[in-house]
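The model shown is predicted, which means the values in this text are computed figures rather than measured ones.
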Amino acid sequence: MLQTEEILQDRYQIQRQLGNNGIRQTWLAKDLQATNPENSLVVVKLLAFGGAVQWDDLKLFEREGQILKQLNHPCIPKYIDYFCIDDRSLWFGLIQEYIPGESLKEKLVAGERFTENKVRKIAVKVLKILTYLHELNPGVLHRDIKPSNLIWGEDNQIYLVDFGAVQDKAAKEGVTFTVVGTYGYAPMEQFGGRAVPASDLYALGATLIHLLTGLPPADLPQQDLRIQFADRVSLSLSFENWLQKLIEPAPEQRFSNANQALTALKSGDTVSPKRAVEHLEIKDVINNSGCGISNQYAPVPEEILGWNWGAFLMPWLWMWPNNVWYGLLCFIPHIGGIMTIALGFKGNEWAWKSRHWRSIEQFKAHQRGWAIAGIMIGAPVSIIIWMGVFAYLMHAF
C-alpha cells in the first residue's frame, strides 16, 4: 500500500489518494522534476497486476496510455509518463496533467442546481471535445462520459477526464470489445460489446439529464427503453427535443456525430421524432416558458405577443413578480423613459421567458390583471406626477 510522501520512479511524490475502485488507484502527486513548481501537481493512476486484475484490465490500462499519448486538446489532461514497477508485485503507472477544479458529480452532491442555460453551455463544450476525438484518424471513443468524468476547472472550462474505457476505431468491423461503461449512462449497444460515436452522445445526454433533474438516469423511470425526464424539469421545447434525440435507444436514431449534434443545438433546429411528443398535450408543447430571457432557441407563442400595458404603466412594480430585471433600468434618469417603452413593447416576451407559467391562460390572466392595475392606478399616478412636475417648472420659470 502506498504511503503519502512516498516517491515513485525517483520523481513523483505521493500527496493524497483521489480514488480507488478496487482495480485502479488514483493519487495526487508532485512532479519533483517539473520545470514550473507552480504547475507541479500530477495525477498518478496505478494498476497492480494480479489477483482480481485480469488481462482485459491491463489491456484497457495500456490502451489508455497509448491513446492519451496521441491526444492534444486543451480540455483533455495531457499525458506525461507511463512506467512499470516490479517490487514484489507488478505495478503499472500512468501519469497525467492535474486539472484543479470540481467534477460535476461533486457539484451535484453539494446540491448545486443546473439551469437549462448552464447545461447548454456544458453541452457545447463537451461536444467540441467529442468532435475532436471522433474526427481523429482513427477516431477515439471515450465510452464513459458521466458527471464524475467532467471537471469544472478553476478557469471555468469543462475538461473530459478518465480515459480508462477509451477505444479507438482502428479495429475492423465485426470485432467485439471489452464491455465497459457505467449503467444508466452507457447505451444498450455498448453493453453488447460495441460502441459508435453516437454511443458517446447517448452518455452525454444521460449526463445532461442528471444535471437538470438532480437524479442519476438509472433512478429515472423508463418507457420503451427511453429515459423519462421531461415531467421533472421545465425546458424549452427545442432543447427537450434535442435531448430526446441524444438518448434514442437505437443509435441510428441519434445524431450521427458530435458535430451534427452541436450544430443542431446551436441552431435549435432539431427534428423531434413523433413519438417524442405524442404523449404530450398541445398546451404542454406550446408552454415552453421559463427558458430564460437570453434564450434564442425557444419560440414565444404568438397569441401572447403584443403591447403590455401593465409593464408600460407600472414598470417599477411589474418587473418584480414577472422576474424581468431589465426593468431596473427604468430607475436610471436618462434612459428610464426609453426602457419603459421597451417594457411595453417586449414585456410579454420577456415575462414569458423569465419564469415558468402553468399555461398560456395563466400568463394572460396575470398580465390582464396588471393591465387593469396600470390603467386604474399607474396611469392616474403618472398623470399626477407629471402635472406636479409641470406645475413646478412653470412656477420655477
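- Under the 6.0 Å distance and 45° angle rule, Lys266 does not count as a cation-pi partner of Trp242.
- Between Lys346 and Glu349 there is a salt bridge, since at least one side-chain N of the basic residue sits less than 4.0 Å from a carboxylate O of the acidic one.
- Across Ser256 and Pro197, no two heavy atoms sit closer than the pair O-CB, 3.9 Å.
- Not a single donor-acceptor pair under 3.5 Å links the side chain of Thr26 to the backbone N or O of Leu18.
- Counting only N and O atoms by type, the side chains of Asp81 and Gln96 include no donor and acceptor under 3.5 Å apart.
- The main-chain N or O of Val324 is never found under 3.5 Å from a side-chain atom of Asn322 such that the two would form a donor-acceptor pair.
- Proximity of Met188 to Arg194: side-chain heavy atoms (C-beta onward) are nowhere separated by under 4.5 Å.
- Going from atom CG of Leu265 over to atom CG of Leu208 covers 9.0 Å, rounded to the nearest 0.5 Å.
- With hydrophobic clusters built from ILVMFWY side chains whose heavy atoms lie under 4.5 angstrom apart, Leu104 does not share a cluster with Val43.
- Atoms CD1 and CH2, from Ile14 and Trp27 in turn, are 6.5 Å apart once rounded to the nearest 0.5 Å.
- Comment: Glu102 engages Lys107 in a salt bridge, judged by a side-chain N to carboxylate O separation of less than 4.0 angstrom.
- The 12-atom threshold is not exceeded at CG of Asn72, counting heavy atoms of other residues, nucleotides or ligands nearer than 6.0 Å.
- Atom CG of Asp155 is surrounded by more than 12 heavy atoms from other residues, nucleotides or ligands within 6.0 Å.
- The only member of Asp144, Thr207, Asn149 that meets side-chain hydrogen bond (donor to acceptor under 3.5 Å, both in side chains) when paired with Thr182 is Asp144.
- Side-chain atoms of Gln367 and Ile304, non-hydrogen and from C-beta on, never get closer than 4.5 Å to each other.
- Between the CG atom of Leu32 and the CG atom of Asp10 there is a distance of 9.5 Å, given to the nearest 0.5 Å.
- At least one donor-acceptor pair under 3.5 Å links the side chain of His142 to the backbone N or O of Asp162.
- Between Ser103 and Ser148 the shortest heavy-atom distance is CB-O, 3.8 Å.
- Using bins of under 30°, 30° to 60° and over 60° for the plane-to-plane angle, the ring pair Phe92/Tyr82 lands in the tilted bin.
- Criterion: ILVMFWY side-chain heavy atoms under 4.5 Å apart, direct or through other members. Under it, Ile151 and Leu28 are not part of a common hydrophobic cluster.
- Of all non-hydrogen atoms in Tyr202 and Ile247, the two that sit nearest each other are CE1-O, 3.3 Å.
- The side-chain heavy atoms of Arg226 and Glu248, taken from C-beta on, include a pair separated by under 4.5 Å.
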- [ ] Walk me through it: do Gln244 and Phe229 pass the test side-chain contact (heavy atoms from CB on, under 4.5 Å)?
- [x] CA-CA 9 Å; Gln244 294 280 13; Phe229 68 92; 3.8 Å; yes
Open item on the list: One pair to check against salt bridge (charged side-chain N to carboxylate O under 4.0 Å, His left out): Arg24 and Glu64. What are the steps and the verdict?
Closed with: CA-CA 13 Å; Arg24 298 183 184 210; Glu64 179 179 6; 2.6 Å; yes
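- Between Arg232 and Pro221 there is a side-chain heavy-atom pair separated by less than 4.5 Å.
- Formation of a donor-acceptor pair under 3.5 Å by the Gln253 side chain with backbone atoms of Pro249 is not found in this model.
- For the residue pair Asn156 / Trp152, a side-chain donor-acceptor distance below 3.5 Å is found, with atom types taken as modelled.
- Contact check for Leu71 versus Tyr79: no side-chain heavy atoms found under the 4.5 Å cut-off.
- Salt-bridge annotation for Asp200 and Arg143: absent, with no side-chain N of the basic residue lying under 4.0 Å from a carboxylate O of the acidic one.
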- [ ] Show your reasoning for whether side-chain contact (heavy atoms from CB on, under 4.5 Å) applies to Phe239 and Val119.
- [x] CA-CA 10 Å; Phe239 190 55; Val119 168; 3.9 Å; yes
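- Aromatic rings of Trp307 and Phe345 (six-membered ring for Trp) have centroids beyond the 6.0 Å cut-off, not under it.
- Across Gly65 and Leu94, no two heavy atoms sit closer than the pair CA-CD1, 3.9 Å.
- No cation-pi contact links Arg368 to Trp370, judged by a cut-off of 6.0 Å to the six-membered ring centre and 45° from its axis.
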TODO: Kindly indicate, with the supporting measurements, whether the criterion side-chain contact (heavy atoms from CB on, under 4.5 Å) is fulfilled by Lys364 and Glu303.
DONE: CA-CA 9 Å; Lys364 285 183 173 180; Glu303 61 185 288; 3.2 Å; yes
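- Nearest heavy-atom pair across Gly101 and Glu106 is O-OE1, 4.5 Å.
- Counting non-hydrogen atoms of neighbouring residues, nucleotides and ligands closer than 6.0 angstrom, the NZ atom of Lys121 reaches no more than 12 such neighbours.
- Under the 3.5 Å distance criterion, with hydrogens and angles disregarded, no donor-acceptor pair is assigned to the side chains of Asn259 and Glu135.
- Remark: aromatic rings of Trp325 and Trp320 are close, center separation under 6.0 Å.
- The shortest side-chain heavy-atom distance between Asn39 and Asn36 falls under the 4.5 Å cut-off.
- Panel note: side chain Gln362, backbone Arg358; a donor-acceptor pair is recorded below 3.5 Å.
- Closest approach of Ser354 to Ala351, counting heavy atoms only: OG-O, 3.0 Å.
- Interatomic distance, CD1 of Ile7 versus CD of Gln13, reported as 5.0 Å (0.5 Å rounding).
- At a threshold of 4.5 Å between non-hydrogen side-chain atoms, the residues Tyr185 and Ile145 do not count as touching.
- For the ring pair (Phe, Tyr, Trp, His ring centres under 6.0 Å) test, no residue two or more places apart in sequence or in another chain qualifies with Trp316.
- A cation-pi arrangement is present between Lys245 and Phe255 under the rule of less than 6.0 angstrom and at most 45 degrees off the ring axis.
- Remark: Tyr132 pairs with His73 by the ring pair (Phe, Tyr, Trp, His ring centres under 6.0 Å) rule, at least two apart or across chains.
- Between Asn257 and Thr131 the shortest side-chain heavy-atom distance does not fall below 4.5 Å.
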TODO: Kindly determine whether Val300 and Trp350 satisfy side-chain contact (heavy atoms from CB on, under 4.5 Å), including the steps that lead there.
DONE: CA-CA 9 Å; Val300 178; Trp350 289 344; over 6 Å; no
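- Going from atom CZ of Phe312 over to atom CG of Leu343 covers 10.0 Å, rounded to the nearest 0.5 Å.
- Cluster membership for Leu329 and Trp318, using ILVMFWY side-chain heavy atoms within less than 4.5 angstrom, is shared.
- Ile158 and Ile99 are members of different hydrophobic clusters when ILVMFWY side chains are connected at heavy-atom separations under 4.5 Å.
- Between the side chain of Arg254 and the backbone N or O of Ala198, at least one donor-acceptor pair lies under 3.5 Å.
- Ionic pairing of Lys353 and Glu116 is not present here: no N-O contact between side-chain nitrogen and carboxylate oxygen is shorter than 4.0 angstrom.
- Linking Ile, Leu, Val, Met, Phe, Trp and Tyr whenever their side-chain heavy atoms come within less than 4.5 Å leaves Ile76 and Val161 in two separate clusters.
- Contact check on Glu5 versus Lys30 returns no salt bridge, with no Lys/Arg side-chain nitrogen under 4.0 Å from an Asp/Glu carboxylate oxygen.
- Side-chain contact, Gln15 with Thr4: no donor N or O sits under 3.5 Å from an acceptor N or O.
- Counting non-hydrogen atoms of other residues, nucleotides and ligands closer than 6.0 Å to CD of Glu252 gives a total above 12.
- Few gaps surround NZ on Lys125; more than 12 heavy atoms of other groups in view lie less than 6.0 Å from it.
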